[in-house]
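First up is the structure itself, then whatever we jot down about it.
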Amino acid sequence: MTTPPSAHHTPGADTTTEPALTEPALTEPPTTEPALTEPPTTEPALTEPALTEPEPTRTARAHSFNTAAAQYAANRPSYPPALFDAIEDLAGHPLPGSRVADIGAGTGIATALLHARGADVIAVEPGDGMAAQFRRTLPAIPIVRGTGDDLPLADASLDFVTYAQAWHWTDPARAVPEALRVLRPGGALALWWNTDALDVPWIAEAAARTGRHFGIDVSAEKRNVNARAVDPTGRLDFTRRTVRWSRRIPVDTHLANLASHSVFLVHDQEHTASFLAAEREHLLRAFPDGSVEEVYEVVLLLARTPA
């Protein structure tokens, strides 16, 4: 688990209401493969498998995090306090004392923050490696094995169901009814992703280099975080809010963060190593002090169940 930076910089947030659209535009193919761990990824904004991607590749990416759980925990970004303020505001319900299930909990980055906020939280994680890392880091927080498509949780037992960097690994046709089943009346489903702030020049340039090297569309991430993509069934009425924040870290931590993403993990080591070595040279030329400020926009989508 990574811990929150000592100082989060959160310039501001905005809120819009997104109608629950019915046209399917999900960027991830439905899957039952057990790997509810990261999502439209972080720096650079690396999109996860598209609908046309063959299942074996998606499966490999889904499972890849289990081999890099310690690296993931040590280098991935956390989330700013303003995100949890926004969750409480949109839900109309405080996190302290609430019963929360954090699905696709991974190494527990978001779970730990929910617990620190005062929530009574249980984690659900399908991956062996990620769950083992979670237990080492957060032995006092309960974790059960399962997926969002088939939650091992009782009906009407939760105030919040949360997915941090994880919803895109679900089949929404199964995960939406499951979330509704386990939520109490007036409960909330909260989905969020750290996305790169591509208006920052060095981040946009780094994303372009990643896209060229790996043949991916790094700008698709934010376009695909919307109500239509996350709930093609149209059963939920999502409100969207973005929270901008940043962290300053060493270049090598930034590179280790990049390398923990599935697009890096599933490529052969030589291909990945060549990119990371070249990227390190680019960044050290641009930032000779050896540190970078990663700037993120957390995209939050929250829907409430009828009271």
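Heads up: numbering here begins at 1 and tracks the sequence. These numbers come from the heavy atoms of this one structure, side chains and all, not from hydrogens, waters or symmetry mates.
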TODO: Any chance you could measure R117, atom CZ, to L83, atom CG, to the nearest 0.5 Å?
DONE: 8.5 Å
Task: Test item: W245 and P77 side chains (from C-beta on) under 4.5 Å apart, heavy atoms - done: yes
Task: Side chain R247, main chain S78, donor-acceptor under 3.5 Å - done: no
Open item on the list: Tell me every residue that passes side-chain hydrogen bond (donor to acceptor under 3.5 Å, both in side chains) with S291, counting only those two or more places apart in sequence or in another chain.
Closed with: R248, D289
TODO: Examine distances only and state if a side-chain atom of D196 and a backbone atom of L198 form a donor-acceptor pair shorter than 3.5 Å.
DONE: no
Task: Test side chain to side chain contact (heavy atoms under 4.5 Å, CB included) applied to W192 and I87, L302, T242, the passing residue - done: I87
Task: Set of side-chain contact (heavy atoms from CB on, under 4.5 Å) partners for P139, sequence neighbours left out - done: none
Open item on the list: Tell me whether the rings of H213 and F275 are parallel (<30°), tilted (30 to 60°) or perpendicular (>60°).
Closed with: tilted
Open item on the list: Quick one: does any side-chain atom of T107 pair with a main-chain N or O of M130 as donor and acceptor, under 3.5 Å?
Closed with: no
Task: Contact summary for A188 and L183, nearest pair of heavy atoms - done: O-CD2, 3.6 Å
Open item on the list: Quick check against the 3.5 Å criterion: does D149 have a side-chain atom that pairs as donor or acceptor with the backbone of D171?
Closed with: yes
Task: Those residues that, when tested against D150, pass side-chain hydrogen bond (donor to acceptor under 3.5 Å, both in side chains) (two or more places apart) - done: none
Open item on the list: Can you list everything that forms a side-chain hydrogen bond (donor to acceptor under 3.5 Å, both in side chains) with R304? Sequence neighbours excluded, please.
Closed with: none
TODO: State, to 0.1 Å, how close E125 and A105 come at their nearest heavy-atom pair, and which atoms those are.
DONE: OE1-N, 3.5 Å
- [ ] Could you tell me the separation between the CG atom of L138 and the CD atom of Q133, rounded to the nearest 0.5 Å?
- [x] 9.0 Å
Open item on the list: Please check: side-chain N/O of D85 versus main-chain N/O of D89, any donor-acceptor pairing under 3.5 Å?
Closed with: no
Open item on the list: To the nearest 0.5 Å, what is the distance between CG on L90 and CZ on R240?
Closed with: 12.5 Å
TODO: Keeping to residues at least two apart or across chains, list the salt bridge (Lys or Arg N to Asp or Glu O under 4.0 Å) pairs with something in residues 135-145.
DONE: D128-R145
- [ ] Tell me, please, which residues at least two apart from A101 pass side-chain contact (heavy atoms from CB on, under 4.5 Å).
- [x] I103, I122, L153, L158
TODO: Please round to the nearest 0.5 Å and tell me the distance separating atom OG1 of T253 and atom CD of E294.
DONE: 8.5 Å
Task: G148 backbone acceptor or donor facing E178 side chain under 3.5 Å - done: no
Open item on the list: Applying side-chain contact (heavy atoms from CB on, under 4.5 Å), can you list everything that pairs with A179, at least two apart in sequence or on another chain?
Closed with: L189
Open item on the list: Can you confirm whether F134 sits close enough to I141 that some side-chain heavy atom of one is under 4.5 Å from a side-chain heavy atom of the other?
Closed with: yes
Open item on the list: Whether the E293 and S246 side chains hold a donor-acceptor pair (N or O, under 3.5 Å, no angle test) is what I'd like checked.
Closed with: yes
Open item on the list: Would the distance check show the side chain of T162 and the main-chain N or O of A190 forming a donor-acceptor pair, the cut-off being under 3.5 Å?
Closed with: no
Task: Closest contact, heavy atoms only, P177 versus P172 - done: CD-O, 3.8 Å
Task: NE2 on H115 to CG on D120, rounded to 0.5 Å - done: 9.5 Å
Open item on the list: Counting C-beta onward and ignoring hydrogens, is there a side-chain heavy-atom pair between V124 and P152 closer than 4.5 Å?
Closed with: yes
- [ ] Only counting residues at least two apart or in another chain, list the ones meeting side-chain contact (heavy atoms from CB on, under 4.5 Å) with S98.
- [x] H93, V100, D159, F160
TODO: Say whether, by atom type as modelled, one donor and one acceptor occur between the side chain of R244 and the main chain of A197 under 3.5 angstrom.
DONE: no
- [ ] Indicate yes or no: at least one non-hydrogen side-chain atom of T195 is less than 4.5 angstrom from one of V298.
- [x] no
Task: Backbone of L180 reached by a side-chain donor or acceptor of T305 within 3.5 Å - done: no
Task: Nearest-0.5 Å distance that lies between atom CG in L191 and atom CG in L300 - done: 8.0 Å
Task: Student check: side-chain heavy atoms of L114 and F84 closer than 4.5 Å - done: yes
Open item on the list: Please list all pairs meeting salt bridge (Lys or Arg N to Asp or Glu O under 4.0 Å) that have one or both residues in residues 200-213, counting only residues at least two apart or in different chains.
Closed with: R209-E279
TODO: Compute whether any side-chain donor of one residue and acceptor of the other, for S157 and R99, lie under 3.5 angstrom apart.
DONE: no
Task: Donor-acceptor under 3.5 Å (W167 side chain, V230 main chain) - done: yes
